[in-house]
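Report on one structure; see the data block that follows.
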Amino acid sequence: MERALTPLDCLLPAAALRACADGGANHLYHFTDGSQDSFLPDYISGDFDSIQPEVKEYYKVKGCELIETMDQDLTDFTKCLQILQKKIEKKGLQIDMIVTLGGLGGRFDQIMASVETLFHAANITPFPVIVIQECSLIYLLQPGKHKLHVDTGLEGAWCGLIPIGNPCESVTTTGLKWNLTNQVLKFGTLVSTSNTYDGSGIVTIETDKPLLWTMAIKR
Amino acid sequence: MERALTPLDCLLPAGNLKFCLLILNQPFNEGHFHCLWSKAALRACADGGANHLYHFTDGSQDSFLPDYISGDFDSIQPEVKEYYKVKGCELIETMDQDLTDFTKCLQILQKKIEKKGLQGKHKLHVDTGLEGAWCGLIPIGNPCESVTTTGLKWNLTNQVLKFGTLVSTSNTYDGSGIVTIETDKPLLWTMAIKR
């Protein structure tokens, strides 16, 4: 069975559910300065070691659900996803994907932690989880066939396939400028970076192991 | 055989380790540049890295001449290339499109200095005072079946490190000033640098 996705479809409105993981609430609060009450998240979860006290108080007063999660073995991102899946099931929401803002900037170890959460996401939720920050998007492809629609007009020039965590013994693509045919992708052998599109608007990828897709978002 | 390293020694004016400096095509770490440049045994630019060097040293470029500039030269500005060429810097054109300029620059460096190995036992000295709070061990290209550490707040003993199982992020130090890591496969060490 093939999984189809339009990665940048989410940059067109609108979200069914909105959540912040801990200090993500700080960014939301400051970014929406002057009209915070038009941008209230459905819930904020985490161990609350990053959220500023005045931000936490503001959203609490406005009626946002605050869910404290103390587990130190899992990141705030992972825990937020777990809660999200429960709410999606409880509300019977019909959704196509989960979009994460942030997680790809600053500390290298935290970028890697975001990738690790994508590995665990497969066991948490059946929905595709993408992570977006600045000009980058990442999406973990599970073993099998994938079709990505890259014709929203919001795609930037570059894209790549990163065998993060494990070598891939056989990867086959169409729709890229430099396609692969039963190719090994492995750190130390070959990693597909600075790739681009052939103009067809569709990229297909078949992989035998988890493989990280990454692409540019136009500013 | 164990390999010992003090990763941030290169940022200390009084640091002892000999190193080579590669400048890539990215905005500069301006705060550390002068220390890195003055202590490096060999200095190289990968293609557009020469642009950053040229503009950053504006007014005294001739005091900061790289030993060589390598790459396919699709990023280096013509006037920058001409300047360094006239000043006697070695320009090494590498046309291979399957490899990045960084990779090719390293290959050339290997020819100019002695070669070193990758895996096994490692000792990192993390007591320069420039270490930030966080560190991590990332099994980036392959699972590691057996990783053992000392000196971290959350140490590992014959632990599997693998994306989807366990990745060590947001780790920190136990205060001893030394971290030892034994790994059976290539493993990426990452750490914070204080601003």
Side-chain angles (χ1 to χ4, degrees), chain A residues 22-23 47 49-50 71-78 103 106-124 138 140-143 158 160-169 177-178 180 183-196 209-212, chain B residues 7 24-26 46-48 71-72 74-75 96-104 106-107 117-119 131-145 152-154 156 159-173 185-195:
Chain A
D22 207 343
D47 50 21
D49 62 354
S50 304
D71 187 344
Q72 285 305 313
D73 282 340
L74 300 175
T75 61
D76 290 330
F77 180 12
T78 305
R107 282 172 47 170
F108 182 75
D109 68 327
Q110 288 182 337
I111 298 172
M112 291 296 103
S114 297
V115 174
E116 171 67 352
T117 295
L118 292 186
F119 274 80
H120 289 284
N123 298 322
I124 295 172
I138 63 172
L140 185 65
L141 304 169
Q142 290 300 318
W158 59 264
L161 288 163
I162 319 293
I164 205 163
N166 49 255
C168 299
E169 300 302 320
K177 182 166 183 185
W178 291 282
L180 308 169
Q183 180 73 46
V184 168
L185 283 184
K186 179 181 173 181
F187 273 91
T189 301
L190 180 70
V191 175
S192 176
T193 58
S194 290
N195 210 330
T196 189
K209 297 273 173 56
L211 180 60
L212 194 73
Chain B
L24 304 184
N25 191 9
Q26 288 294 322
D47 206 342
D72 49 20
D74 61 354
S75 303
D96 188 343
Q97 285 305 312
D98 283 339
L99 301 174
T100 61
D101 290 332
F102 180 14
T103 303
K104 291 178 283 187
L106 266 184
Q107 286 176 329
L118 266 182
Q119 290 143 250
E131 290 76 14
W134 60 265
C135 61
L137 288 162
I138 317 291
I140 198 155
N142 46 260
C144 298
E145 301 302 319
L152 299 175
K153 183 166 182 186
W154 291 282
L156 308 169
Q159 179 73 45
V160 167
L161 282 185
K162 180 180 173 179
F163 272 92
T165 303
L166 180 69
V167 176
S168 177
T169 61
S170 293
N171 209 330
T172 188
Y173 307 103
K185 297 271 174 56
L187 180 60
L188 192 73
W189 165 257
T190 180
M191 64 189 286
I193 307 170
K194 263 190 192 158
R195 291 189 175 279

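Bear in mind the structure is a predicted one, so any value in this text is a computation, not a measurement. To find a chain, count down the sequence lines: A is the first, B the second, and so on, and within it residues start at 1.
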- Task: Identify which part of Cys144(B) has an atom lying under 4.5 Å from any heavy atom of chain A, answering side chain, backbone, both or neither.
- Result: neither
- Item | Side-chain donor-acceptor contact under 3.5 Å, Arg107(A) with Ser170(B) | yes
- Task: Heavy-atom pairs under 4.5 Å with chain A are the metric here; pick the option from Val167(B), Ile140(B), Leu99(B), Asn142(B) that has the most.
- Result: Ile140(B)
- Item | Lys162(B) to Glu116(A) - nearest heavy-atom pair and separation | O-OE1, 4.1 Å
- Query: If every non-hydrogen atom of Asp109(A) is compared with every non-hydrogen atom of Thr169(B), which pair is closest and at what distance?
  - Reply: O-CG2, 3.1 Å
- Between Thr165(B), Thr100(B), Leu188(B), which has the largest tally of heavy atom pairs under 4.5 Å with chain A? Thr165(B)
- Region of Pro167(A) that comes under 4.5 Å of a non-hydrogen atom in chain B: both
- Message: Take a 6.0 Å sphere around CZ of Phe108(A) and say whether it holds more than 12 heavy atoms from other residues, nucleotides or ligands.
- Response: yes
